[in-house]
Amino acid sequence: MDNNIQERNSQVIGETEDMNEVLKVRRQKLRELQQNGKDPFKIVKYDVTSSSKEIIDNFEAMEGRHVSVAGRIITKRGMGKASFCHIQDRDGRIQLYVRIDAVGQEAYEDFKKYDLGDIVGAKGEVFKTHMGEISVKVNEITLLAKSLRPLPEKWHGLRDTDLRYRQRYLDLIVNPDVKNTFITRSRIIKEIRKFLDDRGFLEVETPLLNTIPGGANARPFITHHNTLDMDLYLRIAPELYLKRLIVGGLEKVYEIGRMFRNEGISVKHNPEFSMMEIYEAYTDYKGMMELAETLISTVAQNVLGTMKIMYQGQEIDLTPPWTRMTMAESVKKYTGVDFGLIKDVEEAKKIATSKGVEVPPGLTVGEIMYLMFETFVEENLIQPTFIYDYPIEISPLTKKKPDRPELTERFEIFIYGREMGNAYSELNDPIDQRERFIKQVQKREAGDEEANMMDEDFLTALEYGMPPTGGLGIGIDRLVMLLTDQYSIRDVLLFPTMKPRD
RNA sequence: ACGCCAUUAGCUCAGCCGGUAGAGCACCUGACUCUUAAUCAGGGUGUCCGGGGUUCGAGUCCCCGAUGGCGUACCA
């Protein structure tokens with residue numbers, strides 16, 4: 001960058017009028033190093049033999065051995081001709097003991113000028129101090145990067161959520177729990193892949209740029225392709241592509257990836273989020289229930305070592321089998337209203353209204369039941385529960401129940417009152433699917449921006465024949481929240497969507 | 001989108017009834033060869049989120065705006 005060159009050439013590197021003392025001092029220190037031919041930024045590599053954790057975990061074997069370590073200085077205690085500091089590397093912290101008689105006078109004078117936040121490499125001998133802390137007695141220390149900004153406070157860390165999300169790197173440096181959450185997130189996803197790969201599923205990738213966004217009811221983001229001179233949508237779900245792959249004979253596929261929904265932001269919603277969808281030919285939603293409970297409980301066992309987890313102070317037992325309830329049963333259980341006995345919309349509306357639910361005009365019996373479910377049931381579903389047999393009106397891609405055409409073979413997973421997953425026996429009848437799309441298009445024309453668009457290419461695929469298939473979608477972020485005991489989705493996303501500051 | 005709350009030093013925070021801004025850590029100077037929130041002596045480094053207004057006087061009161069958190073709505 002031109003600016004950089006200008007700054008380097010200027011009298012004081014990158015220094016501006018409004019800079020505070022700390023910033024000025026650090027730039028001054030860097031300039032002195034550069035003038036003395038000790039520019040840390042000219043160093044391109046440093047050979048590291050051991051991490052902090054390796055040394056601490058294997059002290060018996062490592063004691064007296066010569067090691068090379070590297071990391072960021074996060075504490076520093078000088079006592080004249082000897083000093084202690086801790087450096088932090090990828091998996092922990094280790095103390096360095098730096099003595100003038102071990103590193104030499106010049107190196108020690110340089111070391112005294114190192115700041116918290118600087119990146120150093122050190123070579124020395126593993127030992128234990130009089131106070132019993134495993135440390136490295138340093139005989140050579142090298143500055144590998146100068147930190148020009150002070151770190152947040154060592155004792156309280158970085159609390160300001162705004163800064164934590166915007167400057168996640170600082171959050172990761174000073175709040176160790178945050179790092180652990182993201183390490184756990186990575187392990188969860190790895191275990192999911194292992195689970196599915198071991199069962200013969202093929203991981204695939206389908207387009208993020210869609211000409212027709214489908215597979216969910218949500219408002220999409222719109223973008224533009226210049227050469228084609230056409231608008232494209234960011235995907236809201238991979239469903240319709242994955243089913244095309246089932247038509248194509250791949251039979252067992254899954255995709256883990258980012259979805260984009262142009263909706264509100266909350267403690268449970270981010271505009272871009274990760275979802276997994278799984279499709280398996282020749283099975284149905286009951287098969288998906290078994291797969292879902294086995295998958296989630298196995299991942300918990302392998303990552304956390306238990307199926308009984310704590311979430312927000314509440315014990316949640318993920319051990320299969322999970323409770324299974326139809327939506328009608330659940331509504332009856334929590335409200336006393338038996339939708340099996342309700343004959344028409346008027347009656348449903350009257351009952352819902354008597355329970356204090358405001359019913360918008362134009363709803364069907366099924367939609368009113370779903371409204372009752374959302375209002376009175378969801379929040380009670382703390383332990384893992386499958387709610388199944390959803391009204392057809394809200395399930396445009398799902399097979400009807402053979403004996404109850406107003407219901408579909410669909411379930412959702414609820415844990416801690418939150419929707420964690422969604423699955424169904426996939427609709428493979430192209431004639432029925434076309435009718436459902438037409439209904440969705442009518443809703444859309446009536447102003448429902450979240451209703452599906454007609455997807456002729458998808459219908460063509462179905463017309464070639466799709467086997468009976470079970471499909472399952474699981475929100476990765478919400479699963480990670482559950483398994484890492486995080487209240488907000490922003491705490492499981494490294495860089496949650498934020499408005500820019502002015 | 002609406003409501004409530006927050007925003008003061010690099011970070012974590014205090015600041016009363018409106019009287020001209022403070023602590024700890026960090027930082028600077030000095031001492032100190034086993035410290036670990038090192039210690040000891042000295043030093044305050046600030047667009048009080050921004051813009052208006054009321055007032056002799058605003059970090060403090062009023063209005064508008066920004067960002068964030070929470071709640072509601074939205075989100076199968």
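Just so we're on the same page: letters track the sequence lines, and every chain starts at 1.
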K.L.:
Considering only the C1' atoms, how many Å lie between U20(B) and U60(B), rounded to the nearest integer?
P.N.:
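To the nearest whole Å, 12 Å.
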
K.L.:
Using whole Å, what does the distance between atom P of nucleotide A73(B) and atom NZ of Lys268(A) come to?
P.N.:
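It is 10 Å, rounded to the nearest whole Å.
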
K.L.:
Base, sugar-phosphate alone, or nothing: which one does Gly215(A) contact when heavy atoms must sit under 4.0 Å apart?
P.N.:
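Base contact.
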
K.L.:
Quick one: is Arg77(A) getting a side-chain N or O under 4.0 Å of the A38(B) phosphate, OP1 or OP2?
P.N.:
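So the side chain of Arg77(A) is within the cut-off, an N or O lying under 4.0 Å from OP1 or OP2 of A38(B).
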
K.L.:
Using whole Å, what does the distance between atom C1' of nucleotide C74(B) and atom OH of Tyr370(A) come to?
P.N.:
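Taking atom C1' of C74(B) as the reference, OH of Tyr370(A) is at 13 Å.
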
K.L.:
Look at all strands and tell whether Lys128(A) reaches a base, only sugar-phosphate, or nothing, counting heavy atoms closer than 4.0 Å.
P.N.:
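No contact at all - Lys128(A) keeps every heavy atom at 4.0 Å or more from the nucleic acid.
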
K.L.:
For A58(B) versus G52(B), give the span between their P atoms, rounded off to a whole number of Å.
P.N.:
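About 13 Å, rounded to a whole number of Å.
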
K.L.:
Just to be sure I understand the rule, does Arg166(A) reach a base, reach only the sugar-phosphate, or reach nothing, if contact means heavy atoms closer than 4.0 Å?
P.N.:
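Counting heavy atoms under 4.0 Å across all strands, the contact made by Arg166(A) is with sugar-phosphate only.
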
K.L.:
Any donor-acceptor pair under 3.5 Å between the side chain of Glu133(A) and the base of U35(B)?
P.N.:
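Looking at the base of U35(B), it does not pair with any donor or acceptor on the side chain of Glu133(A) (distance under 3.5 Å).
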
K.L.:
CZ of Arg324(A): more than 12 outside heavy atoms within 6.0 angstrom?
P.N.:
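Yes, CZ of Arg324(A) has more than 12 neighbouring heavy atoms, counting only those of other groups under 6.0 Å.
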
K.L.:
Taking A1(B) as the reference, what is the distance to G44(B) when you measure between their C1' atoms (whole Å, please)?
P.N.:
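So the two C1' atoms sit 45 Å from each other.
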
K.L.:
Output yes when Lys146(A) and Asp115(A) qualify as a salt bridge under the 4.0 Å nitrogen-oxygen rule, no when they do not.
P.N.:
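Yes, Lys146(A) and Asp115(A) are salt-bridged.
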
K.L.:
What distance, rounded to whole Å, do you find between the two P atoms, one in G46(B) and one in G22(B)?
P.N.:
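So the two P atoms sit 13 Å from each other.
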
K.L.:
Measuring from the side chain of Met79(A) (C-beta onward, heavy atoms only), which nucleotide among C32(B), G68(B), C70(B) has the closest atom?
P.N.:
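Nucleotide nearest to Met79(A)'s side chain: C32(B).
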
K.L.:
With respect to the side chain of Val267(A), which nucleotide from C70(B), C27(B), C34(B) is positioned closest?
P.N.:
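Of the candidates, C70(B) comes closest.
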
K.L.:
Is there a side-chain hydrogen bond (donor to acceptor under 3.5 Å, both in side chains) between Asp89(A) and Ser52(A) once you walk through the steps?
P.N.:
CA-CA 7 Å; Asp89(A) 63 17; Ser52(A) 59; 2.7 Å; yes

K.L.:
With heavy atoms under 4.0 Å as the rule, sort Arg219(A) into base, sugar-phosphate or nothing.
P.N.:
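No contact at all - Arg219(A) keeps every heavy atom at 4.0 Å or more from the nucleic acid.
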
K.L.:
Quick one: is A38(B) close enough that its OP1 or OP2 comes under 4.0 Å of any side-chain N or O from Lys154(A)?
P.N.:
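Looking at the OP1 and OP2 atoms of A38(B), one of them is under 4.0 Å from a side-chain N or O of Lys154(A).
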
K.L.:
How many whole angstroms separate atom CZ of Phe127(A) from atom C1' of U35(B)?
P.N.:
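In whole Å, U35(B) C1' and Phe127(A) CZ are 10 Å from each other.
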
K.L.:
Taking C48(B) as the reference, what is the distance to G42(B) when you measure between their P atoms (whole Å, please)?
P.N.:
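Straight-line distance between the two P atoms is 30 Å.
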
K.L.:
Which nucleotide in the set G71(B), U35(B), U33(B) lies at the smallest distance from any side-chain heavy atom of Tyr487(A)?
P.N.:
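The closest nucleotide is G71(B).
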
K.L.:
Going by a 90° cut-off around 0, is C70(B) syn or anti?
P.N.:
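Anti conformation here, the glycosidic angle of C70(B) being more than 90° from 0.
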
K.L.:
Relative to the 5' end of RNA chain B, which residue comes earlier, Ile265(A) or Met275(A), by the nucleotide with the nearest heavy atom?
P.N.:
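On the 5' side of the pair lies Ile265(A).
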
K.L.:
According to the interplanar angle, ranging from 0 to 90°, do the rings of Phe111(A) and Tyr108(A) count as parallel (below 30°), tilted (30 to 60°) or perpendicular (above 60°)?
P.N.:
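Geometry flag for Tyr108(A) against Phe111(A): tilted rings.
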
K.L.:
For the side chain of Phe84(A), counting heavy atoms from C-beta on, which of A37(B), C34(B), U33(B) is nearest?
P.N.:
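Taking heavy atoms from C-beta onward, the closest nucleotide is C34(B).
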
K.L.:
Would you classify Thr161(A) as touching base, sugar-phosphate or nothing, given that sugar-phosphate means primed atoms plus P, OP1 and OP2, and contacts are heavy atoms under 4.0 Å?
P.N.:
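Answer is sugar-phosphate: Thr161(A) comes under 4.0 Å of backbone atoms only.
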
K.L.:
Walk me through it: do Ser135(A) and Gln95(A) pass the test side-chain hydrogen bond (donor to acceptor under 3.5 Å, both in side chains)?
P.N.:
CA-CA 5 Å; Ser135(A) 308; Gln95(A) 182 171 257; 3.1 Å; yes

K.L.:
Measure from CD on Glu449(A) to P on A1(B) and round the result to the nearest Å.
P.N.:
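Rounded to the whole Å, the gap is 14 Å.
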
K.L.:
Using atom CG of Asp118(A) as one end and atom C1' of A26(B) as the other, report the distance to the nearest whole Å.
P.N.:
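Interatomic distance, CG of Asp118(A) to C1' of A26(B): 13 Å.
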
K.L.:
Going by an N to O cut-off under 4.0 Å, is there a salt bridge joining Glu406(A) and Arg404(A)?
P.N.:
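Counted as a salt bridge, because a side-chain N and a carboxylate O are separated by less than 4.0 Å.
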
K.L.:
Classify the nucleic acid contact of Arg149(A) as base, sugar-phosphate or nothing, counting any heavy atom under 4.0 Å across all strands shown.
P.N.:
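No contact.
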
K.L.:
Between Leu170(A) (CG) and U12(B) (P), how many Å, whole number?
P.N.:
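Spelled out: CG on Leu170(A) to P on U12(B) is 10 Å.
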
K.L.:
Take the protein atom CD1 of Ile74(A) and the nucleotide atom C1' of C25(B), then report the distance between them rounded to whole Å.
P.N.:
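Spelled out: CD1 on Ile74(A) to C1' on C25(B) is 14 Å.
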
K.L.:
Taking atom P in both A41(B) and G10(B), what distance in whole Å separates the two?
P.N.:
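Looking at atom P only, A41(B) and G10(B) are 26 Å apart.
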
K.L.:
Partner lookup for G19(B), please. Criteria are Watson-Crick or G-U wobble with both distances under 3.5 angstrom; report none if nothing qualifies.
P.N.:
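Pair assignment: G19(B) / C56(B).
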
K.L.:
Pick the P atom in U29(B) and in G53(B), then give their distance to the nearest Å.
P.N.:
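U29(B) and G53(B) have their P atoms separated by 45 Å.
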
K.L.:
If the plane angle is over 60° it's perpendicular, under 30° parallel, otherwise tilted; pick one for Phe127(A) and Tyr97(A).
P.N.:
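Phe127(A) and Tyr97(A): tilted rings.
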
K.L.:
With both distances under 3.5 angstrom, what nucleotide forms a Watson-Crick or G-U wobble pair with U39(B)?
P.N.:
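The base-pairing partner of U39(B), which may sit in any strand shown, is A31(B).
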
K.L.:
Are Lys243(A) and Glu239(A) ion-paired here, with the side-chain N under 4.0 Å from a carboxylate O?
P.N.:
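Looking at Lys243(A) and Glu239(A), the cut-off is met.
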
K.L.:
Scan every strand shown for a Watson-Crick or G-U wobble partner of G68(B), both distances under 3.5 Å, and answer none if you come up empty.
P.N.:
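Partner of G68(B): C5(B).
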
K.L.:
Checking all strands, does Arg93(A) fall into the base, sugar-phosphate, or nothing category for heavy-atom contacts under 4.0 angstrom?
P.N.:
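Since no nucleic acid heavy atom lies under 4.0 Å of Arg93(A), the category is nothing.
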
K.L.:
Can you tell me which nucleotide in C27(B), A37(B), G68(B) comes closest to the side chain of Leu116(A)?
P.N.:
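Of all the options, the side chain of Leu116(A) is nearest to C27(B).
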
K.L.:
Output the single nucleotide from C70(B), C32(B), U67(B) whose closest atom is nearest the side chain of Asp162(A).
P.N.:
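When the side chain of Asp162(A) is considered, U67(B) is the closest of C70(B), C32(B), U67(B).
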
K.L.:
Using heavy-atom distances to pick each residue's nearest nucleotide on RNA chain B, tell me which of Asp101(A) and Thr75(A) is more 5'.
P.N.:
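In this pair, the answer is Asp101(A).
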
K.L.:
Which protein N or O atoms sit under 3.5 Å from an N or O of nucleotides 7-11 of chain B?
P.N.:
| residue | atom | partner | partner atom | Å |
| --- | --- | --- | --- | --- |
| G10(B) | OP1 | Asn20(A) | ND2 | 3.1 |
| C11(B) | O2' | Glu153(A) | N | 3.1 |
| C11(B) | O2' | Gly157(A) | O | 3.1 |

K.L.:
Could you give me the CA-CA distance, side-chain angles and deciding distance for Asp389(A) and Tyr285(A), then say whether side-chain hydrogen bond (donor to acceptor under 3.5 Å, both in side chains) is met?
P.N.:
CA-CA 10 Å; Asp389(A) 292 356; Tyr285(A) 75 147; 2.8 Å; yes

K.L.:
Touch check for Tyr390(A), heavy atoms < 4.0 angstrom, all strands: base, sugar-phosphate only, or nothing?
P.N.:
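Contact class for Tyr390(A): none.
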
K.L.:
If you look at every strand shown and take non-hydrogen atoms under 4.0 Å, does Val174(A) touch a base, only sugar-phosphate, or nothing?
P.N.:
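Result for Val174(A) = nothing.
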
K.L.:
Under 4.0 Å: is that the gap between some side-chain N or O of Lys76(A) and OP1 or OP2 of C25(B)?
P.N.:
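Result: no.
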
K.L.:
Kindly give the heavy-atom pair with the smallest separation between Pro220(A) and Pro213(A), and that separation in Å.
P.N.:
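Reported closest heavy-atom pair: CG-CG, 3.9 Å.
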
K.L.:
Output the rounded distance in Å from NZ (Lys81(A)) to C1' (C34(B)).
P.N.:
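Atom-to-atom, Lys81(A) to C34(B), this comes out as 16 Å.
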
K.L.:
With a 3.5 angstrom cut-off on both distances, give the Watson-Crick or G-U wobble partner of U45(B), or none if there isn't one.
P.N.:
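Checking every strand shown, U45(B) finds its partner in A26(B), with both distances under 3.5 Å.
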
K.L.:
How far apart are the C-alpha atoms of Tyr311(A) and Tyr416(A), what are their side-chain angles, what is the distance that settles it, and do they pass the ring-ring contact (aromatic ring centres under 6.0 Å, His included) test?
P.N.:
CA-CA 8 Å; Tyr311(A) 186 74; Tyr416(A) 196 74; 4.8 Å; yes

K.L.:
With a cut-off of less than 4.0 Å, is there a side-chain N or O of Arg490(A) near OP1 or OP2 of C70(B)?
P.N.:
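Yes, because at least one side-chain N or O of Arg490(A) sits under 4.0 Å from OP1 or OP2 of C70(B).
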
K.L.:
Taking atom C1' in both C2(B) and C61(B), compute the distance separating them and give it to the nearest angstrom.
P.N.:
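Between the two C1' atoms, the distance is 26 Å.
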
K.L.:
Check every strand shown and say whether Gln95(A) touches a base, only sugar-phosphate, or nothing at a heavy-atom separation below 4.0 Å.
P.N.:
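Base contact.
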
